[in-house]
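Side chains included, hydrogens not; waters and symmetry mates left out as well; all remaining heavy atoms used. So that the names make sense, note that chain A is the first sequence line, chain B the second, and so on, each numbered from 1.
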Amino acid sequence: MPELPEVEVVRRGLESRIARASIGGITVREPRLRWPVRADLPSLMRDETIESVGRRGKYLLLRCKTGTLIVHLGMSGQFRLLSAADAPRRHDHVDIVTSAGVLRFTDPRRFGALLWHDARAGDLTLHPLFAKLGVEPLSPAFDGKILYRASRGRSLSIKQMLLSGREVVGVGNIYASESLFRAGISPRARAGSLSRARYEALAVAIRETLTDAIARGGSSLRDFVGSDGEQGHFQLDCQVYGRAGEPCRSCTTPIVSIRQHQRSTFFCPACQRR
DNA sequence: AGCTGGTCCTGATGGC
DNA sequence: TGCCATCAGGACCAGC
């Protein structure tokens with residue numbers, strides 16, 4: 001579910017409400033997530049104060065004094081702040097009880113993760129999960145030059161390069177298709193074959209696509225839910241994703257669906273060129 | 001039965 | 001031959 005815009009929407013929703021909240025206790029009902037939730041997480045985080053809520057790529061960061069809780073929503077995760085703890089239901093795996101309410105982690109597919117990073121272990125940017133991540137697409141440091149340079153000599157498709165997260169983070173399967181449409185680039189183009197100018201256009205397209213989605217409250221696939229349980233609306237605004245056979249909104253040519261690297265890709269064969 | 005938002009890991013491939 | 005980077009595929013799950 002969650003690509004960068006969804007995670008950012010959750011982050012913003014939580015930040016204003018739980019920054020400086022104290023943690024009373026943690027209940028782990030199901031530790032078998034992508035990686036097992038460590039058994040001592042409750043004792044590690046009890047009495048901690050959440051200093052801020054950050055984000056790196058699609059990872060949420062609950063920063064506390066002695067460390068940081070790294071949260072990933074996987075494909076189907078939700079992280080909601082409940083004012084009153086209603087009875088946990090199926091797939092409600094973890095509750096973090098805070099002075100601002102109960103933070104509940106829900107994830108049917110269990111591709112998500114909750115990892116504690118001890119501050120004494122050093123800078124978070126050195127964490128194995130973060131060490132090889134690309135630049136943040138909404139930061140000033142992100143531009144076409146970064147993509148262009150990284151792409152030289154690479155034979156993989158431009159769509160796969162975006163999905164890899166190695167050059168730029170946060171672009172998932174939906175926004176990869178949407179960004180390439182906005183930039184007029186075929187998802188099948190070899191990364192190494194695109195010009196500097198086209199990467200400049202792509203960088204702009206990525207930033208605009210993600211910014212628009214955030215402004216709409218997160219995209220949301222059928223079931224995206226923000227930190228307050230609100231649904232996003234992006235699916236209504238997709239230009240190509242999920243629109244196979246439907247007319248391109250720009251030129252009316254039917255949108256085409258293909259498989260790339262085991263993932264679905266949507267594009268307009270007329271508007272998007274190699 | 002086959003599809004679905006993410007991403008780590010393993011093993012194959014190819015260049016030097 | 002060996003090392004390295006790159007790339008493809010499988011794996012993890014439940015719900016529809």
Between [X] ([atom1]) and [N] ([atom2]), how many Å, whole number?
X        : N      : atom1 : atom2 : result
A:Leu129 : B:dC9  : CG    : P     : 8 Å
A:Met75  : C:dC16 : CE    : C1'   : 14 Å
A:Glu6   : B:dT4  : CD    : P     : 17 Å
A:Gln160 : C:dA5  : CD    : P     : 20 Å
A:Phe105 : C:dC13 : CZ    : C1'   : 12 Å
A:Asn173 : B:dT4  : CG    : P     : 8 Å
A:Arg34  : B:dT7  : CZ    : P     : 8 Å
A:Asp92  : C:dA14 : CG    : P     : 15 Å

Side chain of [X], heavy atoms from C-beta onward: which of [options] has the nearest atom to it?
X        : options              : answer
A:Pro108 : C:dA8, B:dT7, C:dG15 : C:dG15
A:Arg166 : B:dT7, C:dG15, C:dT6 : C:dT6
A:Tyr59  : B:dC8, C:dG15, B:dT7 : B:dC8
A:Leu156 : B:dG6, C:dA14, C:dC7 : C:dC7

Tell me whether the side-chain N/O atoms of [X] come closer than 4.0 Å to OP1 or OP2 in [N].
X        : N      : answer
A:Ser76  : C:dG15 : no
A:Arg259 : B:dC3  : no
A:Arg32  : C:dC13 : no
A:Gln262 : C:dG10 : yes
A:His91  : C:dC13 : no

- line: In short, A:Gly112 meets A:Asp107 closest at the heavy-atom pair N-OD2, 2.8 Å

message: Could you tell me if A:Arg56 sits above the aromatic ring of A:Tyr59, with its cationic atom closer than 6.0 Å to the ring centre and no more than 45 degrees from the axis?
response: no

message: Taking pairing as Watson-Crick or G-U wobble with both contacts under 3.5 Å, can you name the mate of C:dG15, or confirm there isn't one?
response: B:dC3

Aromatic contact, A:Phe266 with A:Phe181 (centres under 6.0 Å): no

query: Does A:Arg154 make a side-chain donor-acceptor contact with the base of C:dT6, cut-off 3.5 Å?
result: no

- prompt: Within the modelled atom types, does a donor on one side and an acceptor on the other bring the side chain of A:Arg109 and the base of C:dC13 under 3.5 Å apart?
  reply: yes

- request: Please confirm whether the backbone N or O of A:Leu162 pairs with a side-chain atom of A:Glu167, one donor and one acceptor, at under 3.5 Å?
  value: no

field: Backbone N/O of A:Pro269 and side chain of A:Gln272: donor-acceptor pair under 3.5 Å
entry: no

query: Does the side-chain ring of A:Phe111 sit on the six-membered ring of the C:dC12 base, less than 5.5 Å centre to centre and under 30° in tilt?
result: yes

query: A:Ser164 near the nucleic acid: base, sugar-phosphate alone, or nothing, with a heavy-atom cut-off under 4.0 Å?
result: nothing

- prompt: So which one's nearest nucleotide on DNA chain B is more toward 5', A:Phe266 or A:Trp35?
  reply: A:Phe266

- prompt: If Ile, Leu, Val, Met, Phe, Trp and Tyr residues are connected whenever their side-chain heavy atoms lie under 4.5 Å apart, and connections chain through other members, are A:Leu180 and A:Ile146 in the same group?
  reply: yes

